[in-house]
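What follows is a single structure, written as structure tokens, with notes after it.
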Amino acid sequence: MLTFNFNNPFPEIETPRLLLRRLDKNDAEQIMVLRGDAENMRFIPRPLVTNTEQALDHFAMIDAKIENNEGINWAITLKGNPKLLGIIGHYRIQPEHYRSEIGYMLSREFHGKGIITEAIEAILVYGFDVMNLHSVEAIIDPDNIASERVLQKNGFVKEAHILENEFFDGKFWDTVIYSLLRRNFRK
């Protein structure tokens with residue numbers, strides 16, 4: 001079974017345009033903007049973040065997972081600018097199965113610029129090369145075509161479409177599972 005140490009030091013990741021760094025309390029306002037945008041949250045069946053306290057709660061949940069080596073998330077920033085543009089990470093890790101689930105979101109003003117594609121590739125390298133994962137999955141809403149394309153660009157394949165398996169805000173939601181095996185990952 002895999003074991004992790006996401007602290008000492010926290011692994012920052014650089015790409016040609018991005019710095020993926022640890023979130024901190026100073027990101028609370030941007031977390032609130034990111035997770036409080038109804039359009040940005042359209043495909044994520046979770047309540048909107050409507051105040052700083054809720055944003056700090058979200059930060060604390062992410063930070064606790066890092067401290068307990070149960071998950072790792074990064075703030076997506078442009079090099080030279082510490083402002084949080086989005087969040088990405090290995091949200092659910094199954095160390096006994098050498099598998100994780102990635103999740104990501106990005107402020108709408110930065111959609112369509114290849115930022116998420118670049119960030120996903122970077123955390124896949126970390127997941128396969130450092131964490132020693134065998135496979136990575138992503139669970140998306142079937143109507144989220146942009147997310148589907150990003151996953152496909154990174155080599156993910158569709159494994160399942162599960163009908164109405166989640167209930168949120170008075171309706172049932174379908175989910176689609178994409179995955180990528182280490183042997184199929186191309187850097």
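Considering all non-hydrogen atoms of both residues, T52 and A28 come closest at CG2-CB, 4.2 Å. Closest heavy-atom contact between N73 and I66: O-CD1, 3.8 Å. When all heavy atoms are compared, the tightest approach of L20 to A122 is CD1-CB, 4.1 Å. Residues P11 and Y126 share a closest heavy-atom pair of CG-OH, 3.4 Å. The heavy-atom pair separating Y98 from N132 by the smallest distance is CD2-O, 3.5 Å. When all heavy atoms are compared, the tightest approach of H90 to I102 is ND1-CG2, 3.6 Å.
Remark: the T117 side chain and the E121 side chain contain no N/O donor-acceptor pair separated by less than 3.5 Å. S100 and Y91 form no side-chain donor-acceptor contact under 3.5 Å, judged by distance and modelled atom types alone. A side-chain N or O of E148 and one of Y178 form a donor-acceptor pair less than 3.5 Å apart.
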Item to complete: Verify side-chain contact (heavy atoms from CB on, under 4.5 Å) between N81 and T77, making sure each step is shown before the conclusion.
Response: CA-CA 7 Å; N81 184 346; T77 67; over 6 Å; no
Practice prompt. Start with the C-alpha distance between I162 and I177, add both sets of side-chain angles, then the distance that settles side-chain contact (heavy atoms from CB on, under 4.5 Å), and finish with yes or no.
Written response: CA-CA 8 Å; I162 305 168; I177 300 171; 3.7 Å; yes
Worksheet item: Can R21 and D27 be said to form a salt bridge (charged side-chain N to carboxylate O under 4.0 Å, His left out), step by step?
Response: CA-CA 11 Å; R21 62 162 174 82; D27 294 316; 2.7 Å; yes
Discussion item. Checking I87 against I76 for the side-chain contact (heavy atoms from CB on, under 4.5 Å) test, could you report, in this order, the C-alpha distance in whole Å, the side-chain angles of both residues, the deciding distance, and whether it holds?
Written reply: CA-CA 6 Å; I87 301 171; I76 301 170; 5.9 Å; no
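Atom CZ of F6 sits about 10.0 Å away from atom CD of E70, to the nearest 0.5 Å. Atom CG of D37 and atom CD of E109 lie 10.0 Å apart (nearest 0.5 Å). The distance from the CG atom of L84 to the CH2 atom of W74 is 14.0 Å, given to the nearest 0.5 Å. In this structure, F185 CZ and L180 CG are separated by 7.0 Å, a value rounded to the nearest 0.5 Å. Atoms CD1 and CE, on I44 and M41 in that order, are 5.0 Å from each other to the nearest 0.5 Å. Within the model, atoms CG of L48 and CG of D169 stand 9.0 Å from one another, a figure rounded to the nearest 0.5 Å.
Note on I62: it does not cluster hydrophobically with V49, by side-chain heavy-atom contacts below 4.5 Å among ILVMFWY residues. Follow the hydrophobic side-chain contacts under 4.5 Å out from M61 and you reach I31 in the same cluster. Residues L19 and I72 fall into different hydrophobic clusters, defined by Ile, Leu, Val, Met, Phe, Trp and Tyr side chains chained together at heavy-atom separations under 4.5 Å. F10 and M131 end up in the same hydrophobic cluster when Ile, Leu, Val, Met, Phe, Trp and Tyr side chains are linked at under 4.5 Å. When hydrophobic clusters are built by joining Ile, Leu, Val, Met, Phe, Trp and Tyr residues whose side-chain heavy atoms come closer than 4.5 Å, directly or via intermediates, L2 is grouped together with V136.
In summary, E166 and R46 engage in a salt bridge, as defined by a charged side-chain N under 4.0 Å from a carboxylate O. E12 and R22 are not joined by a salt bridge, as no carboxylate oxygen comes within less than 4.0 angstrom of a charged side-chain nitrogen.
A distance-only check finds no donor-acceptor pair linking the side chain of H97 to the backbone of S135 [under 3.5 Å]. In terms of modelled atom types and a separation under 3.5 Å, the side chain of W173 and the main chain of F168 share a donor-acceptor contact. Judged purely by atom type and a 3.5 angstrom limit, N144 has no side-chain atom pairing as donor or acceptor with the backbone of F43. Formation of a donor-acceptor pair under 3.5 Å by the N154 side chain with backbone atoms of V150 is found in this model. Not a single donor-acceptor pair under 3.5 Å links the side chain of R99 to the backbone N or O of R92. Of the possible donor and acceptor atoms, none in the side chain of D63 sits under 3.5 Å from a partner among the backbone N and O of D24. Looking at E118, its side chain does come within 3.5 Å of a backbone N or O of R17 through a donor-acceptor pair. A distance-only check finds a donor-acceptor pair linking the side chain of N40 to the backbone of L106 [under 3.5 Å]. Counting only distance, with no hydrogens or angles, the side chain of N51 and the backbone of E53 share a donor-acceptor pair below 3.5 Å. Under the 3.5 Å distance criterion, the side-chain polar atoms of K79 are matched with a main-chain donor or acceptor of T15.
In this view, K25 and L56, F59 satisfy the side chain to side chain contact (heavy atoms under 4.5 Å, CB included) rule, not counting sequence neighbours.
In this structure, the side chains of F156 and L124 come closer than 4.5 Å at one or more pairs of heavy atoms. The closest side-chain heavy-atom distance from I13 to V125 is not below 4.5 Å.
A side-chain contact (heavy atoms from CB on, under 4.5 Å) with T175 is found for exactly one of L163, I139, D141, namely I139.
By the 6.0 Å contact criterion, CD on E29 is open, its count of non-hydrogen atoms from other residues, nucleotides or ligands being 12 or less.
Sorted by first and then second residue, the salt bridge (charged side-chain N to carboxylate O under 4.0 Å, His left out) pairs involving residues 170-184 (not counting sequence neighbours) form an empty list.
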